[in-house]
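Protein chains get the first letters and strands the later ones, always in sequence-line order, with residue 1 at the start of each.
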Amino acid sequence: MKHENTLFSKNLLNWYDINKRTLPWRSESDPYRIWLSEIMLQQTQTERVSHYYFKWLKRFPSLKSVAKAKEESLLKVWEGLGYYNRCRNFHSAAKTVIKDYNGKIPKEFKLFKSLPGIGDYTAAAVLSIAFDIPFPAIDGNIKRVMARMLRIKTITKYNFRRVQKELENFIDKTRPGDFNQALMDLGNQVCRPNQAHCYACPMKSFCRAAQTDHPEQYPRPELSKDIPHYDVVLGLIWKKGRFLILKRDNRKHLGGLWELPGGKIDYRESPEKALIREIKEECNVDVILGKNTDPIKHRYSHFAITVRAFHCQLYNGKKVFSNQPNRWITPQQIIKFPFPKANHKLFAKINFDADNI
DNA sequence: GACACGTGGGA
DNA sequence: TTCCCAAGTGT
């Protein structure tokens, strides 16, 4: 068994060393940077992270600069990357590390994992890559790769423990970070969900699924659920060349980002009536509707929307009263605030010079 | 344990 | 077009 362990990690690292590496910042050794990249990489493809990673570092070169920053300026850099809780949790965790840990990432697994936004995977990934501590980091890729190695159909809790035990046994004690990354790269480049490419796999001799006709059927894919669809109307409420934006509550969907007032159209309600109702509810003012934009479609992780925006005028002189923080901004100021993608899609539909009421 | 949580790209 | 996938975590 001892011999097989060594061979497993030797084969894997040999493949890793001669293959082109997937991360452009693979040579990083600053724990802050490794932590940042692991947060950005959660459920997000490497190619998409790269640009954000460098943009972020230019603006926030150290953990201390993150801790000192305003949440809104962090969100502005994160804008478009999605899963915005990651950004706010990272901010909160950075402040804790600066304040309670003298600016050093705690090397104890439990302590590090107790910070917001850090779970089993991220704790293991950062500690193994930054400090050479041999924790197996088990992400989606590695789950799939190991399910095939062990010919597991379903990743039950019991099977997950099996995978974890195997990896604790196999992990290279001198290069644990490279070991983890190599297995992820293997899943990303070779052992793909729908094409196992066993002919190119350095781990073929260890793999039980590779001995079958259809290695791709391990693990069995989960059936996906239908997501609901909603029709949404938003208002561009104009006043002296400015329109109203509201800041979303931190604990809600897209928390901390800004939005236009509006909301879902109720069953059998007209878009116009819905928007007037929503603006009355959210801002306590009455509006007259002008022309509207073409609809845009947008899909979130768990529902989809079709959105239109109406130009609006205030009906009387009443002041906006909202539970959410609000601002009146010019179109030029859009770039100063973090907005969700759906809002940017709408803004792109509007000719602000001509449509401005 | 199930569900919420963004977005872009490829099949 | 539609569906699936992608270096997970919090509740």
Side-chain angles (χ1 to χ4, degrees), chain A residues 21-26 28 33-53 75 78-90 92-93 112-130 135-146 154-158 160 177-189 191-195 216 219 221-229 248-257 259 296-306 338-345:
Chain A
R21 301 182 170 196
T22 51
L23 300 188
W25 56 88
R26 192 49 76 67
E28 296 288 5
R33 295 181 177 215
I34 291 162
W35 181 9
L36 171 68
S37 78
E38 287 301 335
I39 298 296
M40 286 187 164
L41 283 163
Q42 287 170 7
Q43 298 289 284
T44 309
Q45 288 162 344
T46 305
E47 308 77 58
R48 291 200 24 72
V49 166
S50 183
H51 166 72
Y52 282 91
Y53 174 76
L75 280 171
W78 199 275
E79 180 187 53
L81 193 55
Y83 284 144
Y84 300 97
N85 273 336
R86 292 181 295 175
C87 180
R88 294 186 293 102
N89 284 335
F90 186 53
S92 161
F112 188 37
K113 200 194 135 175
S114 73
L115 297 171
I118 298 176
D120 285 319
Y121 165 77
T122 305
V126 172
L127 294 182
S128 65
I129 296 168
F135 294 117
I138 306 172
D139 76 324
N141 284 311
I142 297 184
K143 264 187 214 166
R144 178 180 63 257
V145 170
M146 293 307 290
T154 325
I155 312 272
T156 58
K157 204 168 186 173
Y158 169 77
F160 184 83
D178 285 346
F179 177 92
N180 284 331
Q181 294 181 89
L183 216 44
M184 287 189 262
D185 279 4
L186 188 73
N188 177 257
Q189 295 173 31
C191 196
R192 311 269 307 171
N194 296 316
Q195 296 130 41
E216 289 85 0
E222 316 211 4
L223 8 57
S224 59
K225 286 165 256 187
D226 293 341
I227 61 175
H229 182 279
R248 296 183 62 86
D249 187 285
N250 259 355
R251 290 198 277 235
K252 295 205 308 197
H253 184 45
L254 304 168
L257 280 71
E259 65 176 354
I296 61 105
K297 290 179 186 298
H298 189 73
R299 172 179 44 84
Y300 295 104
S301 44
H302 54 301
F303 66 93
I305 56 175
T306 302
F339 285 99
K341 212 71 197 179
N343 283 77
H344 281 298
K345 284 188 190 173

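- Backbone-only engagement by Lys225(A) is indicated by non-hydrogen atom pairs under 4.0 Å involving sugar-phosphate atoms exclusively.
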Run the side chain to side chain contact (heavy atoms under 4.5 Å, CB included) check on Ile138(A) and Met146(A) step by step: do they pass?
-> CA-CA 9 Å; Ile138(A) 306 172; Met146(A) 293 307 290; over 6 Å; no

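- Side-chain atoms of Tyr84(A) do not come within 3.5 Å of backbone N or O of His253(A) as any donor-acceptor pair.
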Under 3.5 Å between N/O atoms: give me all the protein pairs with nucleotides 9-11 of chain B, atom names plus distance.
residue, atom, partner, partner atom, Å
dG9(B), O6, Arg299(A), NH2, 3.3

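- Nucleotides dA7(C) and dA11(B) have their P atoms positioned 15 Å apart, rounded to a whole Å.
- Here dG6(B) presents its P atom at 13 Å from CD of Glu79(A), a figure rounded to the nearest Å.
- With both ends at atom C1', the span from dG1(B) to dG8(C) equals 16 Å, rounded to whole Å.
- Looking at heavy-atom distances under 4.0 Å, Asp120(A) makes contact with sugar-phosphate atoms alone, never a base.
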Using the side chain to side chain contact (heavy atoms under 4.5 Å, CB included) rule, take Ile129(A) and Asn180(A) through it: C-alpha gap first, then chi angles, then the decisive distance, then the call.
-> CA-CA 8 Å; Ile129(A) 296 168; Asn180(A) 284 331; 5.6 Å; no

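- For dA7(C), one of the phosphate oxygens OP1 or OP2 lies less than 4.0 angstrom from a side-chain nitrogen or oxygen of Asn141(A).
- Spacing of P atoms, dT9(C) relative to dG8(B), comes out at 23 Å, to the nearest Å.
- The CG atom of Leu186(A) sits 11.0 Å away from the OG1 atom of Thr22(A) when rounded to the nearest 0.5 Å.
- With sequence neighbours left out, Lys113(A) forms a salt bridge (Lys or Arg N to Asp or Glu O under 4.0 Å) with Asp120(A).
- Using a 4.0 Å heavy-atom distance criterion, Gly187(A) is classed as making no nucleic acid contact.
- Among the heavy atoms of the strands lying under 4.0 Å from Asp185(A) is at least one base atom, whether or not backbone atoms are also near.
- As judged by a 4.0 angstrom heavy-atom cut-off over every strand, Leu23(A) is placed among the base-contacting residues.
- In this structure, the nucleotide among dG10(C), dG6(B), dA7(C) sitting nearest to the side chain of Met184(A) is dA7(C).
- Distances shorter than 4.0 Å separate some side-chain N or O of His298(A) from OP1 or OP2 on dT7(B).
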Mind running side chain to side chain contact (heavy atoms under 4.5 Å, CB included) on Met184(A) and Leu41(A) for me, showing each step along the way?
-> CA-CA 12 Å; Met184(A) 287 189 262; Leu41(A) 283 163; over 6 Å; no

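- For His302(A), counting side-chain heavy atoms from C-beta on, the closest listed nucleotide (dG6(B), dG8(C), dA4(B)) is dA4(B).
- A straight line from CG of Asn343(A) to P of dG6(B) spans 13 Å, rounded to a whole angstrom.
- The side-chain heavy atoms of Ser128(A) and Phe179(A), taken from C-beta on, include no pair separated by under 4.5 Å.
- Residue Tyr83(A) places none of its side-chain N or O atoms closer than 4.0 Å to OP1 or OP2 of dA6(C).
- For the pair Lys341(A) and Arg251(A), nearest-nucleotide mapping onto DNA chain B gives the more 5' position to Arg251(A).
- Below the 3.5 angstrom threshold, one finds a donor paired with an acceptor across the side chain of Thr44(A) and the base of dG6(B).
- Taking atom CD on Glu222(A) and atom P on dG1(B), their separation rounds to 12 Å, with Å as the unit.
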Go through Arg144(A) and Asn141(A) one step at a time and tell me if the side-chain hydrogen bond (donor to acceptor under 3.5 Å, both in side chains) criterion holds.
-> CA-CA 5 Å; Arg144(A) 178 180 63 257; Asn141(A) 284 311; 2.8 Å; yes

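- Ring pair Tyr300(A)/His302(A): centre-to-centre distance not below 6.0 Å.
- Among the atoms of the strands shown, none is found under 4.0 Å from any heavy atom of Ile142(A).
- One interatomic measurement links the two molecules: CD1 of Ile227(A) to P of dT7(B), which rounds to 13 Å at whole-angstrom precision.
- The CD1 atom of Ile138(A) sits 13 Å away from the C1' atom of dA7(C) (whole-angstrom rounding).
- Residue Ser224(A) places at least one side-chain N or O closer than 4.0 Å to OP1 or OP2 of dC4(C).
- Toward the 5′ end of DNA chain C lies the nearest nucleotide of Arg26(A), the other residue of the pair Pro116(A) and Arg26(A) mapping further downstream.
- The nearest whole Å value for the distance from the CG atom in Asp139(A) to the P atom in dC5(C) is 15 Å.
- When distances run from any side-chain atom of Pro193(A) to the nucleotides dA7(C), dA6(C), dC5(B), the shortest one goes to dA6(C).
- Nucleic acid contact class of Arg192(A) (heavy atoms, under 4.0 Å, all strands): none.
- Protein atom CD of Glu38(A) is 10 Å distant from nucleotide atom P of dT9(C), rounded to whole Å.
- Side chain of Arg144(A), nearest nucleotide from dA6(C), dG1(B), dT7(B): dA6(C).
- For Thr122(A), taking side-chain heavy atoms from C-beta onward, the closest of the listed nucleotides dC5(B), dT7(B), dT9(C) is dT9(C).
- Atom P of nucleotide dA6(C) and atom CD of Glu47(A) are separated by 12 Å, given to the nearest angstrom.
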